[in-house]
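Data first, discussion second: the structure below is written as structure tokens.
In what follows, every heavy atom counts, from backbone to side chain, and hydrogens, waters and symmetry copies are set aside.
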Amino acid sequence: MTQRPALGCLFEIVETLVLTLVIFFVIQNFVAQPYQVKQQSMERTLEPNEYVLVDKLTPRFSAYERGSIIVFTPPPDWSPDDGTPFIKRIVGIGGDSIEIVDGRVHVNDVAIDEPYLYTGTAGPEPTTTTIDPPRWEVPAGELFVMGDHRSHSADSRAFGPIPVDSVVGRAWLRYWPFGVFGILDSPTYPGLQIAVP
């Protein structure tokens with residue numbers, strides 16, 4: 001083997017590695033990103049140590065909607081030391097009024113049906129989720145988020161609505177462990193208007 005073919009082969013290997021890294025970088029930052037669930041706040045919908053794929057692309061073209069599960073950077077005072085993002089469900093969008101009456105969430109004075117809520121035995125509501133004030137107005141460009149396991153969730157009840165630009169993306173596919181592989185459905189809430197961009 002002459003030196004020229006050997007250099008050509010080495011160049012092809014380096015080129016392939018660089019192209020692979022570029023594709024990975026583009027996909028990870030602009031299309032989809034894996035995320036490991038670390039909190040209990042989304043039980044039973046998502047259990048700790050499950051993995052989901054976070055869609056970063058479609059939210060660039062359409063607004064986030066009520067019922068979607070999102071991954072976001074929490075407010076600074078609530079951010080874990082390791083920088084782990086939060087994962088919660090969108091309950092309200094910009095312009096909505098949120099109220100909790102007898103434990104039921106009302107959006108724009110309509111009580112919503114939430115079949116995804118954790119129904120196991122739970123302790124008392126933690127002080128971080130004390131409902132005060134009992135009603136929130138969601139500003140334009142912000143989202144009101146809550147965990148499905150309400151007694152184990154630090155969410156908008158405690159820190160208020162979050163800016164849309166703090167959202168990493170929408171969790172849409174649970175892919176590990178393989179036994180729970182599947183698309184994460186977003187519920188519809190009859191009686192409420194669909195979100196518009």
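- Taking CG of Leu53 as the start and CZ of Arg170 as the end, the distance is 10.5 Å to the nearest 0.5 Å.
- Dense packing is recorded around OH of Tyr116, with more than 12 heavy atoms of other residues, nucleotides or ligands lying under 6.0 Å away.
- With rounding to the nearest 0.5 Å, the separation of CD1 in Ile69 from OG in Ser186 is 6.5 Å.
- A donor-acceptor contact shorter than 3.5 Å links the side chain of Ser156 to the backbone of Val145.
- Here the side chains of Asn49 and Val37 are not in contact, with every heavy-atom distance at 4.5 Å or above.
- Side-chain atoms of Arg174 do not come within 3.5 Å of backbone N or O of Phe181 as any donor-acceptor pair.
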Could you walk me through whether Val164 and Tyr64 pass the side-chain contact (heavy atoms from CB on, under 4.5 Å) check? CA-CA 8 Å; Val164 170; Tyr64 290 105; 4.1 Å; yes
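- Here the side chains of Arg157 and Ile100 are in contact, with some heavy-atom distance below 4.5 Å.
- Proximity of Asp96 to Phe144: side-chain heavy atoms (C-beta onward) are nowhere separated by under 4.5 Å.
- Ion pairing between a basic and an acidic side chain is recognised when a charged N comes within 4.0 Å of a carboxylate O; Arg89 and Asp148 show such pairing.
- The shortest distance between side-chain heavy atoms of Pro187 and Pro115 does not fall below 4.5 Å.
- For Asp102, there are no salt bridge (charged side-chain N to carboxylate O under 4.0 Å, His left out) partners two or more places apart in sequence or in a different chain.
- Looking only at distances, a side-chain donor or acceptor of Asp155 sits under 3.5 Å from a matching main-chain atom of Gly147.
- Phe159 has its side chain out of reach of Asp77: every pair of non-hydrogen atoms, C-beta onward, lies at least 4.5 Å apart.
- Between Ala171 and Val52, the shortest heavy-atom distance links the atoms CB-CG2, 4.1 Å.
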Derivation and outcome, side-chain contact (heavy atoms from CB on, under 4.5 Å), residues Ile87 and Val54: CA-CA 10 Å; Ile87 184 165; Val54 177; over 6 Å; no
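- In terms of modelled atom types and a separation under 3.5 Å, the side chain of Gln39 and the main chain of His152 share no donor-acceptor contact.
- Looking only at side-chain heavy atoms (C-beta outward), Glu43 and Leu117 stay at 4.5 Å or farther from each other.
- Tyr51 and Tyr175 have tilted rings, their planes meeting at an angle from 30° to 60° on a 0 to 90° scale.
- Partners of Glu142 by salt bridge (charged side-chain N to carboxylate O under 4.0 Å, His left out), not counting sequence neighbours: none found.
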Apply the test salt bridge (charged side-chain N to carboxylate O under 4.0 Å, His left out) to residues Lys38 and Glu50: give CA-CA distance (whole Å), side-chain angles for both, the deciding distance (0.1 Å), then the verdict. CA-CA 8 Å; Lys38 296 186 177 180; Glu50 291 182 346; over 6 Å; no
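- Val110 and Met146 fall within the same hydrophobic cluster, defined by Ile, Leu, Val, Met, Phe, Trp and Tyr side-chain heavy atoms under 4.5 Å apart, directly or through other members.
- With contacts defined as side-chain heavy-atom distances shorter than 4.5 Å, the pair Val91/Arg66 does not qualify.
- Checking side-chain atoms of Asn108 against main-chain N and O of Ser97 turns up a donor-acceptor pair under 3.5 Å.
- Gln40 contributes atom CD, which lies 11.0 Å from atom OG of Ser153 (distance to the nearest 0.5 angstrom).
- Under the 4.5 Å side-chain criterion, counting only non-hydrogen atoms from C-beta, Asp55 is not in contact with Leu173.
- By the criterion of side-chain heavy atoms lying less than 4.5 angstrom apart, applied directly or through intervening Ile, Leu, Val, Met, Phe, Trp or Tyr residues, Trp172 is grouped together with Trp176 in one hydrophobic cluster.
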Could you go step by step and tell me if Val168 and Phe72 meet the side-chain contact (heavy atoms from CB on, under 4.5 Å) rule? CA-CA 5 Å; Val168 175; Phe72 64 96; 5.6 Å; no
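- Here the side chain of Lys88 pairs a donor or acceptor atom with the backbone of Ala154 at under 3.5 angstrom.
- Val105 and Glu114 make their closest contact through CG2-OE1, 3.6 Å (heavy atoms, listed as atom of the first residue, atom of the second, distance).
- When hydrophobic clusters are built by joining Ile, Leu, Val, Met, Phe, Trp and Tyr residues whose side-chain heavy atoms come closer than 4.5 Å, directly or via intermediates, Trp78 is grouped together with Leu143.
- Take Arg104 and apply the salt bridge (charged side-chain N to carboxylate O under 4.0 Å, His left out) test, not counting sequence neighbours, and it matches no residue.
- The CD atom of Gln36 sits 12.0 Å away from atom CG of Leu46, with the distance rounded to the nearest 0.5 Å.
- For the 3.5 Å distance criterion, the side chains of His106 and Glu99 fail to qualify, holding no donor opposite an acceptor.
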